[in-house]
Amino acid sequence: MRLSKDRQTARASIRLGKWAELDARTDFSPPGLVAVGMLVSGILLSTSVLVAAAGRAKARRIRARGDRTLPG
């Protein structure tokens with residue numbers, strides 16, 4: 001595989017009225033696309049773990065709030 005010939009390229013241009021114009025260009029090789037895919041999947045997997053941990057912490061707080069009794 002020759003990386004110079006097997007590259008994926010993309011261009012985008014956005015114009016916001018008369019004030020701003022944005023131009024972007026990127027190119028990836030196949031190994032670069034695999035690396036980006038692995039990074040995105042790692043971020044998504046770690047996000048699901050954080051959401052699950054936050055849900056457990058919230059459930060513990062709610063349970064602790066219900067267990068409190070006022071001295072009387």
Side-chain angles (χ1 to χ4, degrees):
M1 169 171 36
R2 293 178 54 193
L3 293 179
S4 62
K5 297 237 180 210
D6 295 336
R7 296 184 83 76
Q8 302 291 321
T9 61
R11 289 180 189 227
S13 180
I14 298 173
R15 188 173 188 152
L16 303 172
K18 297 178 183 178
W19 299 283
E21 184 176 343
L22 304 171
D23 291 322
R25 180 183 170 275
T26 185
D27 63 305
F28 282 104
S29 64
L33 288 173
V34 171
V36 169
M38 289 173 54
L39 286 170
V40 169
S41 65
I43 290 168
L44 293 174
L45 288 172
S46 65
T47 302
S48 66
V49 170
L50 290 173
V51 168
R56 285 193 301 269
K58 184 176 181 181
R60 262 186 275 141
R61 280 195 308 272
I62 291 171
R63 217 175 315 121
R65 210 179 298 148
D67 291 344
R68 288 188 212 154
T69 56
L70 294 174

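What you are looking at is a predicted structure, and each value in this text was computed from that prediction instead of being measured.
Linking Ile, Leu, Val, Met, Phe, Trp and Tyr whenever their side-chain heavy atoms come within less than 4.5 Å puts F28 and V40 in one cluster. Residues V49 and L44 are members of separate hydrophobic clusters, defined by side-chain heavy-atom contacts under 4.5 angstrom among Ile, Leu, Val, Met, Phe, Trp and Tyr.
Going from atom CG of D23 over to atom CD of E21 covers 5.0 Å, rounded to the nearest 0.5 Å.
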